[in-house]
Amino acid sequence: MKKTFKQLVEIDSIIGNMYEKNDKLELSKFGYAYKRFAEKNYYPHLKEYQQKIQDARIDKALEDSETKAIITDKENPRGYKYNKEGLKNLIKEENRLSDEWDIKEFEIESFYCKEENLPELSDEQREKLTGILIK
């Protein structure tokens, strides 16, 4: 089965919301199944995506003219200082990467949880998790 990166992000968000509502769920058999799924199918791709974003931020950051060191900025959520043109180019690159990754497909491996170990699920949650955690 294939899922897009955007679908994997949505699934992670659904699970995160479920964990917020039930703090014991993460330690349940359902939580264990999702942890295994995410470690195999989501986190490696998320890490790669985040690295590409970070690389773009570094590429567009300002450099010290003498040392060529990148100028950091703890106040900026991106972590670096940019001139006007550099920031415009970075935003375009971040948007391009986001659009590219939203539709990027990955072969996934399911980690099914037995029906009796599933929490109460809405129809939408059940639909999104079928083939992932639910047979």
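These numbers come from the heavy atoms of this one structure, side chains and all, not from hydrogens, waters or symmetry mates.
The number of heavy-atom neighbours closer than 6.0 Å to CD of E107, taken from other residues, nucleotides and ligands shown, is above 12. D123 CG: 12 or fewer foreign heavy atoms inside a 6.0 Å radius. Heavy-atom neighbours of E120 CD from other residues, nucleotides or ligands within 6.0 Å: at or below the threshold of 12. For E127, the CD atom is loosely surrounded, since the number of other residues' heavy atoms within 6.0 Å does not exceed 12. Within a 6.0 Å sphere centred on OH of Y43, heavy atoms belonging to other residues, nucleotides or ligands number more than 12. Within 6.0 Å of CD in E116 there are more than 12 heavy atoms belonging to other residues, nucleotides or ligands.
Under a hydrophobic-cluster definition in which Ile, Leu, Val, Met, Phe, Trp and Tyr are linked whenever side-chain heavy atoms come within less than 4.5 Å, directly or via other members, I53 and I70 are assigned to different clusters. One hydrophobic cluster, built from ILVMFWY side chains closer than 4.5 Å, cannot hold both Y112 and M1; they sit in different ones.
Inter-residue side-chain proximity for I15 and F30 is flagged as met; some heavy-atom pair is nearer than 4.5 Å. For the pair N17 and Q125, the minimum side-chain heavy-atom distance is 4.5 Å or more. When side chains are defined from C-beta on, L8 counts as touching I108, because their heavy atoms get closer than 4.5 Å. The side-chain heavy atoms of N76 and K81, taken from C-beta on, include no pair separated by under 4.5 Å. You'll find the side chain of Y80 stays beyond 4.5 Å of the side chain of D73, heavy atoms only. Taking the side chain as every heavy atom from C-beta outward, L118 and L129 never approach each other to under 4.5 Å. Using a 4.5 Å heavy-atom threshold, the side chains of W101 and K52 count as touching. Using a 4.5 Å heavy-atom cutoff, the side chains of N83 and L62 are in contact.
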- Step by step, would you call E100 with Y49 a side-chain hydrogen bond (donor to acceptor under 3.5 Å, both in side chains)? CA-CA 10 Å; E100 177 186 312; Y49 171 73; over 6 Å; no
- Evaluate side-chain hydrogen bond (donor to acceptor under 3.5 Å, both in side chains) for N89 paired with E93, printing each intermediate quantity in order. CA-CA 6 Å; N89 289 334; E93 181 64 10; over 6 Å; no
- Task: Could you check L90 against Y82 for side-chain contact (heavy atoms from CB on, under 4.5 Å), going step by step and ending with a plain yes or no?
- Result: CA-CA 9 Å; L90 174 59; Y82 302 94; 3.4 Å; yes
- Let me see the working for F106 and N41 under side-chain contact (heavy atoms from CB on, under 4.5 Å), right down to the final yes or no. CA-CA 8 Å; F106 301 98; N41 299 290; over 6 Å; no
- Task: Before giving the answer on side-chain contact (heavy atoms from CB on, under 4.5 Å), spell out for Q54 and Q50 the whole-Å C-alpha distance, their side-chain angles and the decisive distance to 0.1 Å.
- Result: CA-CA 6 Å; Q54 190 63 26; Q50 289 172 332; over 6 Å; no
- Query: Hey, mind stepping through I134 and L121 against side-chain contact (heavy atoms from CB on, under 4.5 Å) and telling me if it holds?
  - Reply: CA-CA 11 Å; I134 304 170; L121 299 169; 3.5 Å; yes
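E85 has no carboxylate O lying under 4.0 Å from a charged side-chain N of K92, or vice versa, which leaves the two without a salt bridge. In summary, R57 and E94 engage in a salt bridge, as defined by a charged side-chain N under 4.0 Å from a carboxylate O.
Atom CG of L27 and atom NZ of K35 lie 9.5 Å apart (nearest 0.5 Å). The distance from the CD atom of E109 to the NZ atom of K40 is 5.0 Å, given to the nearest 0.5 Å. For the atom pair S98 OG and K6 NZ, the distance stands at 8.5 Å (nearest 0.5 Å). In this structure, NZ in K104 is found 9.5 Å from CZ in F5, a value given to the nearest 0.5 Å. How far CD of Q7 is from NZ of K128: 7.0 Å, rounded to the nearest 0.5 Å.
Side chain of S28 to backbone of L25: a donor-acceptor contact under 3.5 angstrom is found. Looking at T130, its side chain does come within 3.5 Å of a backbone N or O of R126 through a donor-acceptor pair.
Of all heavy-atom pairs between A33 and C113, the closest is CB-CB, 4.2 Å.
Aromatic ring pairs are classed by plane angle as parallel below 30°, tilted from 30° to 60° and perpendicular above 60°; the pair F37 and F111 is perpendicular.
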